[in-house]
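For reference, the structure discussed in these notes is given below.
None of these values were measured; they are calculated from a predicted model.
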Amino acid sequence: GCRGDACFAGHRGQAQEALLKVGILGGKLTGLVLAGGLGTRMRPFTLHTPKSLIPVNGKPFLDFQLELLSKNGVGRIVVSTGYLGHKIEDHLAKAGNFGIKVDVCHEKEELGTGGAIVNSLQNLPEEFFLIYGDSYLLQPFLPVYAAFKKSGKSAMMTVMHQERGTSENNCEVKNELVVKYMKGQPAGTFDYMDYGLLFFKKAALAKYKVENFSTDTIFADLIAARQLAAFETSQPYYEVGSKEGLRNFTDYISSVGGRR
């Protein structure tokens, strides 16, 4: 098992060097955080607070996420906001953001996950990572980025193998490619789950319009073109998109040192 900062022992010191090796400008990653969701599963917590700002041991979830990103060699992020986005902007304006440069891209209307990416493209470089605003991922980002570069593909999805085929599983992987992706299928349909850490070449997304659509469309197109590479992880992940997820993350944070 991987606990807290142990994940990054040695890794943090090598981050700059490794990034420079793979040709990142200034030796830092840039990414997009999708934080525009309504958080319906988290009501009543989310009636007046966006998921990103749900308090965990007295600290907004977004602060834990930013701290983790900083340890992963991230220099800049774009946060895509929608529901209660002004509260996220206000928080970011006051916070130190762990040395990460943060830009906000606000959805004027509901755009779905796909539309939110397209709406943010003008603020993103030629290659970028994508995570969700309610996730906390212990898989280090740099090995995924290095594998993405090596693959030569338009995108890479980090996946987790879950053999018993839970209903969370939503994709099939063959020869280091994602070959099928479908949410909401019965348990046993798939052996892999989308872990929630992706890398994209911006050029592969240029054909889409700013409109309300899901990333499922993007994934289907990439799969059809055999351009969605897979990176398998076994590192734990946490999320605050459900009440059970929030309980588990709170327990984890308490176990690795409370407010840190």
Side-chain angles (χ1 to χ4, degrees), residues 15-16 18-36 69 72-80 100-105 107 111-133 135 137 139-160 170-182 192-233:
Q16 190 83 3
L19 282 165
L20 289 168
K21 258 188 209 162
V22 288
I24 295 225
L25 190 63
K28 291 281 183 180
L29 287 169
T30 297
L32 173 62
V33 180
L34 294 184
L69 291 174
N72 270 291
V74 174
R76 180 173 163 259
I77 57 167
V78 176
V79 179
S80 174
I100 297 172
K101 182 181 185 313
V102 182
D103 296 309
V104 174
C105 192
E107 297 176 22
L111 290 174
T113 47
I117 296 172
V118 180
N119 189 48
S120 306
L121 282 180
Q122 63 199 19
N123 299 310
L124 290 162
E126 292 311 307
E127 293 175 340
F128 63 93
F129 70 82
L130 168 74
I131 60 168
Y132 299 96
S135 68
L137 310 173
Q139 166 60 45
F141 288 21
L142 289 178
V144 187
Y145 180 68
F148 168 59
K149 290 293 279 183
K150 193 176 167 192
S151 77
K153 299 295 185 186
S154 297
M156 175 166 271
M157 177 183 284
T158 309
V159 297
M160 180 176 264
N170 53 17
C171 55
E172 190 177 314
V173 175
K174 273 185 192 160
N175 303 324
E176 297 183 348
L177 284 176
V178 179
V179 293
K180 270 189 193 165
Y181 184 95
M182 211 176 289
Y192 287 88
M193 179 192 77
D194 170 9
Y195 184 76
L197 168 61
L198 298 112
F199 278 87
F200 288 100
K201 286 184 182 172
K202 184 170 164 177
L205 303 170
K207 66 180 181 178
Y208 300 103
K209 295 188 176 76
V210 178
E211 58 192 0
N212 190 337
F213 76 103
S214 165
T215 44
D216 293 17
T217 303
I218 296 171
F219 298 154
D221 291 348
L222 287 165
I223 288 166
R226 299 182 61 78
Q227 285 295 313
L228 184 55
F231 180 97
E232 189 174 335
T233 184

Write down the atom of [X], the atom of [Y], and the distance for their closest heavy-atom approach.
X: Lys201; Y: Gly152; answer: NZ-O, 3.3 Å
X: Gly112; Y: Asn212; answer: N-OD1, 3.5 Å
X: Glu107; Y: Ala116; answer: OE2-CB, 3.3 Å
X: Pro125; Y: Arg76; answer: CD-NH1, 4.2 Å
X: Val33; Y: Gly133; answer: CG1-CA, 3.7 Å
X: Val178; Y: Ala229; answer: CG2-O, 4.1 Å

Could you tell me if the side chain of [Y] sits less than 4.5 Å from the side chain of [X], heavy atoms only?
X: Ile131; Y: Leu69; result: yes
X: Ile218; Y: Phe200; result: yes
X: Ile117; Y: Phe213; result: no

Under the side chain to side chain contact (heavy atoms under 4.5 Å, CB included) criterion, do Leu29 and Leu142 qualify, and how do the steps go?
CA-CA 9 Å; Leu29 287 169; Leu142 289 178; 4.1 Å; yes
If you measure from [atom1] on [X] to [atom2] on [Y], what distance do you get to the nearest 0.5 Å?
X: Leu130; Y: Ile77; atom1: CG; atom2: CD1; result: 11.5 Å
X: Asn119; Y: Lys209; atom1: CG; atom2: NZ; result: 15.0 Å
X: Met156; Y: Glu127; atom1: CE; atom2: CD; result: 11.5 Å
X: Thr30; Y: Lys101; atom1: OG1; atom2: NZ; result: 9.5 Å
X: Ser151; Y: Glu176; atom1: OG; atom2: CD; result: 9.0 Å
X: Leu34; Y: Ser135; atom1: CG; atom2: OG; result: 9.5 Å

With a 3.5 Å distance limit and no angle check, can you tell me whether [X] reaches the backbone of [Y] through a side-chain donor-acceptor pair?
X: Tyr195; Y: Gln139; answer: yes
X: Lys153; Y: Arg226; answer: yes
X: Thr215; Y: Thr113; answer: no

Neighbour count above 12 (heavy atom, 6.0 Å) for Glu232 CD
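More than 12 heavy atoms, drawn from other residues, nucleotides or ligands, come within 6.0 Å of this atom.
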Would you find more than 12 non-hydrogen atoms of other residues, nucleotides or ligands less than 6.0 Å from Lys180 atom NZ?
no
Using ring pair (Phe, Tyr, Trp, His ring centres under 6.0 Å) as the criterion, point out the one residue from Phe231, Phe148, Phe129 that pairs with Phe141.
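The single option meeting the ring pair (Phe, Tyr, Trp, His ring centres under 6.0 Å) with Phe141 is Phe129.
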Name the one of Leu177, Leu222, Asp194 that satisfies side chain to side chain contact (heavy atoms under 4.5 Å, CB included) with Met157?
Asp194
Let me see the working for Leu137 and Tyr132 under side chain to side chain contact (heavy atoms under 4.5 Å, CB included), right down to the final yes or no.
CA-CA 10 Å; Leu137 310 173; Tyr132 299 96; over 6 Å; no
Would you say the ring centroid of Tyr145 lies under 6.0 angstrom from that of Phe199?
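So the answer is yes for these two rings.
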Where do Leu205 and Val118 land on the side chain to side chain contact (heavy atoms under 4.5 Å, CB included) test, with the steps shown first?
CA-CA 7 Å; Leu205 303 170; Val118 180; 5.5 Å; no
